[in-house]
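Notes to accompany the following structure.
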Amino acid sequence: MENILDKIIRQKRIDLELRKSKVNLKDLIKKAESLSGNSTVSFYDSLQSSSQSAIIAEVKRVSPSKGPLRPELNPIELALDYQKAGAKAISVLTEEKFFMGSDNDLLEIKSKTEIPILRKDFTIDEYQIWEAKLLGASAILLIAAVLSEEVLIEFSGLAKTMGLDVLLEVHDRDETIKALKAKPKILGVNNRNLKTFEVSLETSKNIIQEFRNSQVALWVSESGIYDATQIKELKQSGFKAFLIGESLLKAKEPQSKLQELINNS
């Protein structure tokens with residue numbers, strides 16, 4: 001039976017064919033390379049240099065498992081609130097069908113903020129990495145559950161040549177072993193199973209415990225983080241940065257919620 005992740009990837013392939021029919025890869029590369037002199041703030045440096053809990057605050061309207069999170073969301077306003085509260089980076093969902101995101105969200109946020117932006121999407125094609133560069137992202141997401149070892153290595157190398165950081169995401173032991181072959185500088189552990197959307201912070205704790213002696217420079221825990229106590233526990237396990245979405249998006253005042261998480265952890 002097709003799970004949620006399978007459905008997302010199937011739709012992504014359809015969307016990509018449409019995009020390519022409008023702008024082919026050759027023309028996209030030409031446009032992206034014209035921006036080669038434009039520097040973006042380093043995603044890695046921003047997270048690694050933080051003396052506090054380094055939060056990647058997420059901008060998204062909808063979750064496939066939870067439904068609408070913040071339907072009235074104003075991307076620029078929310079991103080600016082995150083920046084004021086002390087976020088070290090912003091994660092912008094650009095997947096359209098399941099998360100109601102858009103490239104325009106990223107472009108608008110980029111034009112108004114100064115901290116690094118992660119283009120959070122389901123990257124399955126070189127085309128999307130060039131898109132991320134053109135949009136002005138500082139980093140891309142690569143998901144080990146979606147890509148082969150060879151493609152993880154290839155895409156990581158391509159992103160590096162473009163000056164983009166990679167958040168390489170895993171969820172279990174096998175995915176971690178595969179991901180480490182790509183020698184990631186930043187490894188994210190998603191506490192959410194993308195096939196079932198079940199969440200457990202034990203996922204992060206178990207994986208970092210087994211692989212803490214790898215060459216990973218920065219560990220990121222993703223999903224299911226709601227309070228400062230959880231962040232403290234994850235920091236004690238070895239995590240430096242935290243990608244947080246739902247708890248901020250559902251908060252009445254996301255800026256205050258983010259400040260509370262940073263100040264109390």
Side-chain angles (χ1 to χ4, degrees), residues 3-5 42-58 63 65 87-89 91 118 120 122-123 139-153 155-156 159-160 165-248 258 260-265:
N3 58 49
I4 298 175
L5 182 59
S42 167
F43 180 77
Y44 172 80
D45 288 347
S46 183
L47 298 176
Q48 187 69 292
S49 64
S50 177
S51 59
Q52 297 177 296
S53 300
I55 306 294
I56 307 163
E58 191 148 88
S63 161
S65 60
K88 292 301 176 181
S91 169
L118 167 71
K120 194 173 185 190
F122 295 80
T123 303
I140 61 167
L141 176 71
L142 296 181
I143 303 173
V146 171
L147 304 171
S148 69
E149 177 186 315
E150 293 75 19
V151 174
L152 286 174
I153 293 170
F155 284 3
S156 295
K160 185 177 180 179
D165 282 319
V166 171
L167 174 59
L168 208 169
E169 179 180 291
V170 301
H171 175 70
D172 60 28
R173 185 177 189 274
D174 289 343
E175 289 176 12
T176 306
I177 292 171
K178 178 170 69 171
L180 289 174
K181 298 291 181 61
K183 299 180 180 179
K185 184 163 65 172
I186 310 170
L187 193 69
V189 182
N190 195 342
N191 300 306
R192 177 174 285 111
N193 183 326
L194 291 177
K195 296 177 181 178
T196 64
F197 274 66
E198 295 175 349
V199 179
S200 171
L201 293 190
E202 293 305 307
T203 302
S204 277
K205 296 174 184 177
N206 291 339
I207 288 178
I208 199 170
Q209 181 177 356
E210 182 172 358
F211 296 97
R212 69 169 67 250
N213 293 325
S214 66
Q215 297 301 306
V216 175
L218 179 67
W219 287 86
V220 181
S221 183
E222 312 169 31
S223 304
I225 300 170
Y226 293 91
D227 59 54
T229 299
Q230 292 174 317
I231 295 177
K232 286 180 181 177
E233 291 175 358
L234 290 165
K235 286 170 77 172
Q236 289 173 356
S237 296
F239 287 91
K240 168 77 174 179
F242 311 89
L243 196 155
I244 304 177
E246 187 176 319
S247 62
L248 297 175
L258 180 52
E260 173 195 322
L261 291 175
I262 294 172
N263 294 339
N264 295 332
S265 62

When you compare the side chain of Leu261 with that of Leu248, does any pair of heavy atoms fall below 4.5 Å? yes

Residues 236-244, side-chain donor-acceptor partners within the protein, below 3.5 Å, at least two apart:
| from | atom 1 | to | atom 2 | distance (Å) |
| --- | --- | --- | --- | --- |
| Ser237 | OG | Glu233 | O | 3.2 |
| Lys240 | NZ | Ser50 | O | 2.6 |

Please enumerate all residues that pass salt bridge (charged side-chain N to carboxylate O under 4.0 Å, His left out) together with Arg212, with sequence neighbours excluded. none

From CA spacing to verdict: side-chain contact (heavy atoms from CB on, under 4.5 Å), Leu5, Val146: CA-CA 9 Å; Leu5 182 59; Val146 171; 4.0 Å; yes

Does any donor atom in the side chain of Lys235 or Ser53 lie under 3.5 Å from an acceptor atom in the other side chain? yes

Between the side chains of Glu175 and Lys178, is the shortest nitrogen-to-carboxylate-oxygen separation below 4.0 Å, so that they form an ion pair? no

Considering non-hydrogen atoms only, spot the tightest contact between Ala89 and Leu47 and give its length. CB-CD2, 4.3 Å

Could you state the interatomic distance from OG (Ser91) to CD1 (Ile55), rounded to the nearest 0.5 Å? 12.5 Å

Check against side-chain contact (heavy atoms from CB on, under 4.5 Å), Leu142 and Leu167: CA-CA 6 Å; Leu142 296 181; Leu167 174 59; over 6 Å; no

With rounding to the nearest 0.5 Å, note down the distance linking CD1 in Ile231 to CD1 in Ile262. 8.0 Å

Could you tell me which non-hydrogen atom of Phe197 sits nearest to which non-hydrogen atom of Ile4, and how far apart they are? CE1-CG2, 3.4 Å

Is Ile207 close to Trp219 at the side-chain level, that is, under 4.5 Å between some pair of heavy atoms? yes

Before you tell me yes or no, could you show the steps for Asn263 and Gln52 under side-chain contact (heavy atoms from CB on, under 4.5 Å), namely the whole-Å CA-CA distance, both residues' side-chain angles and the distance that decides it to 0.1 Å? CA-CA 8 Å; Asn263 294 339; Gln52 297 177 296; 4.2 Å; yes

Using a 4.5 Å cut-off on heavy atoms from C-beta on, say whether the side chain of Ile56 contacts that of Val220. yes

Does any N or O in the side chain of Ser46 come within less than 3.5 Å of the main-chain N or O of Ser42, such that one atom is a donor and the other an acceptor? no

Could you tabulate the donor-acceptor pairs under 3.5 Å formed by side-chain atoms of residues 179-191, not counting sequence neighbours?
| from | atom 1 | to | atom 2 | distance (Å) |
| --- | --- | --- | --- | --- |
| Asn190 | OD1 | Arg192 | N | 2.9 |
| Asn190 | OD1 | Ser223 | OG | 2.9 |
| Asn190 | ND2 | Glu169 | OE2 | 3.1 |
| Asn191 | OD1 | Ser204 | N | 3.2 |
| Asn191 | OD1 | Ser204 | OG | 2.7 |
| Asn191 | ND2 | Ser221 | OG | 3.1 |
| Asn191 | ND2 | Glu222 | O | 2.8 |
| Asn191 | ND2 | Ser223 | O | 2.9 |

Specify the closest pair of heavy atoms between Gly245 and Glu58, including all atoms of both residues, with the distance to one decimal. CA-CB, 3.7 Å

What heavy-atom pair brings Val166 and Ser156 nearest, and what distance separates the two atoms? CG2-CA, 4.2 Å

Are any side-chain N or O atoms of Gln48 and backbone N or O atoms of Ala217, one a donor and one an acceptor, separated by less than 3.5 Å? yes

Would a distance-only check, ignoring hydrogens and angles, find a side-chain to backbone donor-acceptor pair under 3.5 Å from Gln230 to Tyr226? yes

Nearest heavy-atom neighbours spanning Ser247 and Ile225: OG-O, 2.9 Å

Determine yes or no for a side-chain-to-main-chain donor-acceptor pair under 3.5 angstrom, with Asp165 supplying the side chain and Tyr44 the backbone. yes

Testing the basics here: between Leu118 and Leu141, what is the closest heavy-atom pair and its distance to 0.1 Å? CD1-N, 3.8 Å

Separation of Leu218 CG from Asp45 CG (nearest 0.5 Å): 10.5 Å

With a 4.5 Å heavy-atom cut-off, do Asn206 and Glu210 have their side chains touching? no

Between Phe211 and Ile177, does a side-chain contact (heavy atoms from CB on, under 4.5 Å) hold up when you go through it step by step? CA-CA 9 Å; Phe211 296 97; Ile177 292 171; 3.8 Å; yes

